[in-house]
K.L.:
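This is the structure I have questions about; it appears just below.
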Amino acid sequence: MKRVLTYGTFDLLHYGHIEILRRAKALGDYLVVALSTDEFNESKGKTAYHSYETRKKMLEAIRYVDLVIPENSWEQKINDIKEYHIDVVVMGSDWAGSDRFDYLKDYCDLVFLERTPGVSTTMIKHDLGLKEAVKNEDQLPE
Ligand code: C2G
């Protein structure tokens with residue numbers, strides 16, 4: 001049983017996310033996704049549109065994903081690898097060479113997969129002109 005682990009925010013889920021999850025799962029038999037909590041996102045200077053619970057439910061609905069765990073800090077990765085008996089950590093190529101990941105080579109295999117071009121959560125927000133979050137439905141324009 002080869003166990004794979006990846007990290008991310010996975011906000012406004014899109015096919016770039018699906019593609020990395022599909023390819024990560026193809027490298028093994030069991031895929032763990034460490035999902036950034038809302039608090040951790042804050043420390044990354046990111047505000048997700050969907051809450052952690054919503055993002056977790058969406059990931060759990062994806063056929064490639066076997067387990068979703070919280071990502072609370074940058075420092076938890078070695079513990080995650082040990083606790084979940086991980087053989088390979090997979091990330092998109094934007095993380096290649098990052099000191100946030102390179103040291104993991106001493107604990108498991110480390111694979112960076114090409115990012116899917118032409119899509120990102122930031123692009124979606126920009127193209128939809130998402131500015132102020134609408135707190136509830138009745139505030140939406142007719
Ligand atoms: N990704 C991709 N192609 C895209 C967009 C994203 O392959 N077009 C990949 C990213 O490279 C990442 C994963 O999808 O591996 C999740 O992307 P984000 O949700 O943006 O995650 P990120 O903000 O990179 O958080 O500790 C690491 C962080 O939690 C990673």
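Order of listing sets the numbers, starting from 1, for every ligand and every atom in it.
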K.L.:
Are any of the N/O atoms on T9, whether in the backbone or the side chain, positioned under 3.5 angstrom from an N/O atom of ligand 1?
P.N.:
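Yes; at least one N/O pair falls below 3.5 Å.
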K.L.:
What are the atoms of ligand 1, with element, lying closer than 4.0 Å to any heavy atom of K77?
P.N.:
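The atoms of ligand 1 under 4.0 Å from a heavy atom of K77 are 26 (O).
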K.L.:
Could you list the atoms of ligand 1 found under 4.0 angstrom from a heavy atom of W74?
P.N.:
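Contacts of ligand 1 toward W74, numbered from 1: 26 (O), 27 (C).
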K.L.:
Would you say ligand 1 has an N or O under 3.5 Å from any N or O of V119?
P.N.:
yes
K.L.:
I want to check a possible cation-pi pair here: K82 against Y107, using under 6.0 Å from ring centre and within 45° of the ring axis as the test.
P.N.:
no
K.L.:
Compute the shortest N/O to N/O distance between D11 and ligand 1 and return yes if it is under 3.5 Å, no if not.
P.N.:
no
K.L.:
Give a yes or no answer on whether the side chain of R3 reaches the backbone of G28 with a donor-acceptor pair at less than 3.5 Å.
P.N.:
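Answer holds: no.
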K.L.:
Please could you name the atoms of ligand 1 that S36 approaches to less than 4.0 Å, counting only its heavy atoms?
P.N.:
29 (O)
K.L.:
Students should be able to answer this: which protein heavy-atom is nearest to atom 19 (O) of ligand 1, and at what distance?
P.N.:
F10 N, 2.8 Å
K.L.:
Tell me whether E60 at atom CD has more than 12 heavy atoms from other residues, nucleotides or ligands lying less than 6.0 Å away.
P.N.:
yes
K.L.:
Decide whether an N or O pair under 3.5 Å exists between K44 and ligand 1.
P.N.:
yes
K.L.:
Within ligand 1, which atoms have a heavy atom of K46 less than 4.0 Å away?
P.N.:
20 (O), 22 (P), 23 (O)
K.L.:
Looking at atom 15 (O) of ligand 1, what's its closest protein heavy atom, distance included?
P.N.:
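Closest protein heavy atom to atom 15 (O) of ligand 1: G92 N, 3.0 Å.
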K.L.:
Return the residue, atom name and 0.1 Å-rounded distance of the protein heavy atom closest to atom 3 (N) of ligand 1.
P.N.:
T116 N, 3.1 Å
K.L.:
For I20, counting its heavy atoms only, list the atoms of ligand 1 lying under 4.0 Å from any of them.
P.N.:
7 (O), 14 (O)
K.L.:
Which residue and atom name correspond to the protein heavy atom nearest atom 24 (O) of ligand 1, and how close is it?
P.N.:
W95 NE1, 2.8 Å
K.L.:
Report the nearest protein non-hydrogen atom to atom 11 (O) of ligand 1: residue, atom name, distance rounded to 0.1 Å.
P.N.:
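The closest heavy atom on the protein side is D94 OD1, 2.6 Å.
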K.L.:
Could you tell me whether a side-chain N or O of D11 sits under 3.5 Å from a main-chain N or O of Y49, the two making a donor and an acceptor?
P.N.:
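A pair under 3.5 Å: yes.
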K.L.:
Would you say K44 has more than 12 foreign heavy atoms packed within less than 6.0 Å of its NZ?
P.N.:
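For K44, atom NZ is crowded (more than 12 foreign heavy atoms under 6.0 Å).
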K.L.:
Using a 3.5 Å distance criterion without hydrogens, assess whether the side chain of N41 forms a donor-acceptor pair with backbone atoms of T47.
P.N.:
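Between the backbone of T47 and the side chain of N41 there is no qualifying donor-acceptor contact (under 3.5 Å).
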K.L.:
Starting from atom 6 (C) of ligand 1, locate the nearest protein heavy atom and write down its residue, its atom name and how far away it is, to 0.1 Å.
P.N.:
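The protein heavy atom lying closest is R115 NH1, 3.6 Å.
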K.L.:
For the residue pair D66 and D29, what are the closest heavy atoms and their distance?
P.N.:
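Result for this residue pair: OD2-O, 4.0 Å.
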K.L.:
Taking atom types as modelled, is there a side-chain donor on E71 or S36 under 3.5 Å from an acceptor on the other?
P.N.:
yes
K.L.:
How far is atom 26 (O) of ligand 1 from its nearest protein heavy atom, and which residue and atom name does that atom have?
P.N.:
E71 OE2, 2.4 Å
K.L.:
Does NZ or CZ of R100 fall inside the cone over W74's six-membered ring, less than 6.0 Å from its centre and within 45° of the axis?
P.N.:
yes
K.L.:
Report yes or no: is the cationic atom of K2 (NZ for Lys, CZ for Arg) closer than 6.0 Å to the six-membered ring centre of Y30, at no more than 45° off its axis?
P.N.:
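Verdict for Y30: no cation-pi partner in K2.
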K.L.:
What atoms in ligand 1 come closer than 4.0 Å to a heavy atom of H14?
P.N.:
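Matching atoms, with element in brackets: 5 (C).
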K.L.:
What part of Y15 sits under 4.0 Å from ligand 1 if we count only heavy atoms: the side chain, the backbone, both or neither?
P.N.:
neither
K.L.:
Is V68 reachable from L5 through a run of I, L, V, M, F, W or Y residues, each pair having side-chain heavy atoms under 4.5 Å apart?
P.N.:
no
